[in-house]
Amino acid sequence: MPSTTTDHPAPPAADTLSCDLFCAVIDNFGDVGVCWRLARQLASEYGWQVRLLVDDLHTFARLCPSLDATLTRQRIDGIVIEHWHEPAHAGDALAVADIVIEAFACELPQAYVAAMARRQRSPVWLNLEYLSAEDWVAEYHLKPSPHMRYPLTKTFFFPGLGPGTGGVIKERSLDDARTAFESSPSLRDAWWRQTIGAAQPAPDATVISLFCYENPAVDSLLEQWRDAAEPIVLLVPEGRVSGALARFFGLPSFGAGEHAERGALRAHSLAFRPQPEFDALLWASHLNFVRGEDSFVRAQWARRPFVWHIYPQADAAHLPKLDAALAHYAREMAPAARAALGRFSHAWNGAGTPDWAEFWRHRHAYETRAASWAIELAAVGDLAANLAEFAKSQLK
Ligand code: TRH
């Protein structure tokens, strides 16, 4: 359980590094999802004194239900959380940290930047960018950008899937937690009973989690699952795709706790869960449909086949990013499996109609690759470790 208090934290020990992380929520959950995950890891694994400034506490509270969205300042899991209530607001205490992270190019308040310039020792200033698997990322990772007015340098920190990038977030305890879940029938049984109110599905069922945006391809896929030869158990976190499921099942809505069945398909709508509980949904499933940035990364660490609904951008700018990720991920696969994954992923992202049978025929190839890919990705080093190492090298 997260620990919550509204008290101000004890002052950090002299050698403890402090970090201010600024997050503006653009939409959905990914912006604050990434920042909250990173904040917790920097605090728990590196001992940093982290202050997280977020402009939308209501969205944040969905991921972290112990958060009180009415407070300007509170402390959860050792992290000071402040409501960053307007672009010019620089935090309740205008103290500049050793390391300053602006997430996803959110603009820092002018007063804060001026205070950074006045600080005796210049802070390490990082712009944490969005994840992209494109090749140019390694070239731009850790490129400095001097400030026009002040003697300050901002460094671009690019998450990525390949060598030379900042990597992606992975907590030290993640693999152990996954292995514990996978190897404990009682943990899994408790999860299923708590999640759908019934025992784990029979072994012949294919369990699929579905976390995606509105998607025209979902109707065709639901029909194919209805007509599938094997039972399909679909776990759908309540959200943007719920309306499509309601329509398919002829229901007025498909809200958390509801179940519906047609043909081989049985679907369960799940309540949105606190972020630390999201991984178990991926571990309990044979195939995960994920989206955005953070759930996409978690699906890779889950070592299960997954299909990515990439965040759609104007002029289809997201499609090269999808292909760049597939180029990394599918590199080691046999040509037929690679081609099927490519076709299915394109169809899921707007180009064509998904063919479930053709895709899932390669299930074992995807399972093998999911495991070997997680090892390859881990070799890049995790984002927090790479960030902490860079910050320390700058503070020497
Ligand atoms: O929510 P997303 O689509 O987020 C984003 C934002 O749209 C952002 O602006 C965009 O730039 C970025 O995508 C690429 O998808 P994402 O990143 O997967 O974030 C979802 C978060 O929600 C993730 O941290 C997991 C969490 N989550 C829970 O905590 N509980 C749940 O029950 C579910 C389903 C998800």
Side-chain angles (χ1 to χ4, degrees), residues 25-38 41 63 103-104 128-134 137 158-162 165-171 174-175 178 208-215 217-218 235-237 239-241 272-273 275-313 317-331 341-342 344-350 354 359 366-367 369-378 380 382-384:
V25 175
I26 307 297
D27 61 4
N28 302 321
F29 303 105
D31 307 293
V32 68
V34 168
C35 292
W36 178 225
R37 202 181 278 294
L38 179 61
Q41 194 183 1
L63 305 168
F104 313 126
L128 173 64
E129 288 285 348
Y130 284 114
L131 169 62
S132 171
E134 291 164 298
V137 161
F158 277 92
L161 302 184
T165 71
V168 293
I169 296 179
K170 183 188 189 194
E171 301 83 359
L174 183 60
D175 283 336
R178 179 179 49 77
I208 300 171
S209 77
L210 184 66
F211 180 47
C212 62
Y213 309 112
E214 294 83 356
N215 190 328
V218 82
L235 304 176
V236 191
R240 291 175 55 173
V241 77
F272 201 86
R273 55 202 55 227
Q275 194 189 45
E277 294 175 25
F278 176 64
D279 290 310
L281 172 64
L282 307 175
W283 303 334
S285 304
H286 298 112
L287 170 68
N288 294 301
F289 285 76
V290 287
R291 73 185 204 193
E293 175 159 334
D294 190 57
S295 59
F296 167 59
V297 170
R298 303 314 276 185
Q300 295 171 64
W301 295 132
R303 298 190 177 209
R304 296 279 193 285
F306 68 89
V307 180
W308 186 24
H309 196 181
I310 189 169
Y311 184 73
Q313 289 178 287
H318 54 289
L319 291 181
K321 294 183 180 164
L322 171 67
D323 284 333
L326 285 170
H328 280 277
Y329 185 73
R331 193 174 46 231
L341 176 63
F344 196 85
S345 300
H346 284 144
W348 191 240
N349 286 281
F359 169 70
Y366 302 145
E367 285 169 348
R369 180 52 180 156
S372 71
W373 169 248
I375 294 166
E376 248 182 71
L377 184 58
V380 178
D382 77 87
L383 190 149

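Reckoned from all heavy atoms, side chains included, excluding hydrogens, waters and symmetry mates. All residue numbers in this chain count up from 1 along the given sequence.
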Side chain [X], main chain [Y], donor-acceptor under 3.5 Å:
X: N349; Y: I310; result: yes
X: N28; Y: G30; result: no
X: W308; Y: G292; result: yes
X: R178; Y: W283; result: no
X: E134; Y: P320; result: no
X: E171; Y: Q41; result: no

Nearest 0.5 Å, please: how far is [atom2] in [Y] from [atom1] in [X]?
X: Q300; Y: L377; atom1: CD; atom2: CG; answer: 5.5 Å
X: L322; Y: H346; atom1: CG; atom2: NE2; answer: 5.0 Å
X: D294; Y: W36; atom1: CG; atom2: CH2; answer: 13.0 Å
X: N288; Y: L282; atom1: CG; atom2: CG; answer: 4.5 Å
X: D31; Y: F104; atom1: CG; atom2: CZ; answer: 5.5 Å
X: Q313; Y: L319; atom1: CD; atom2: CG; answer: 9.5 Å

My understanding is that only residues two or more places apart in sequence, or in another chain, count here; which of them pass ring pair (Phe, Tyr, Trp, His ring centres under 6.0 Å) with Y366? F359
Salt bridge (Lys or Arg N to Asp or Glu O under 4.0 Å) partners of [X], counting only residues at least two apart:
X: D279; answer: R298
X: R273; answer: none
X: R303; answer: none
X: E376; answer: R331, R369

Check [X] against [Y] and note the closest heavy-atom contact, atom names and distance.
X: V137; Y: S132; value: CG2-O, 3.6 Å
X: S209; Y: S285; value: CB-OG, 3.6 Å
X: L131; Y: P159; value: CD1-C, 3.7 Å
X: P354; Y: A347; value: N-CB, 3.4 Å
X: A384; Y: D382; value: N-OD1, 3.1 Å
X: L63; Y: F272; value: CD2-CE2, 3.9 Å

Test of understanding: with side-chain hydrogen bond (donor to acceptor under 3.5 Å, both in side chains), list the residues that count as partners of E277, not counting sequence neighbours. none
Take F158 and T165, measure what side chain to side chain contact (heavy atoms under 4.5 Å, CB included) needs, and give me the verdict at the end. CA-CA 6 Å; F158 277 92; T165 71; 5.5 Å; no
I'd like to check [X] versus [Y] (side-chain heavy atoms, cut-off strictly below 4.5 Å). Are they in contact?
X: N215; Y: V241; value: no
X: L281; Y: F211; value: no
X: H286; Y: P305; value: no
X: W301; Y: V168; value: yes

Quick one: do Y130 and Y311 satisfy ring-ring contact (aromatic ring centres under 6.0 Å, His included)? Show the steps, please. CA-CA 11 Å; Y130 284 114; Y311 184 73; 7.7 Å; no
Checking W348 against H309 for the side chain to side chain contact (heavy atoms under 4.5 Å, CB included) test, could you report, in this order, the C-alpha distance in whole Å, the side-chain angles of both residues, the deciding distance, and whether it holds? CA-CA 7 Å; W348 191 240; H309 196 181; 3.6 Å; yes
Would you please classify the geometry between the F296 ring and the F306 ring as parallel, tilted or perpendicular, with 30° and 60° separating the classes? perpendicular
Yes or no on side chain to side chain contact (heavy atoms under 4.5 Å, CB included) for V218 and L210, after CA distance, side-chain angles and deciding distance? CA-CA 10 Å; V218 82; L210 184 66; 4.2 Å; yes
Mind running side chain to side chain contact (heavy atoms under 4.5 Å, CB included) on F344 and V307 for me, showing each step along the way? CA-CA 8 Å; F344 196 85; V307 180; 3.9 Å; yes
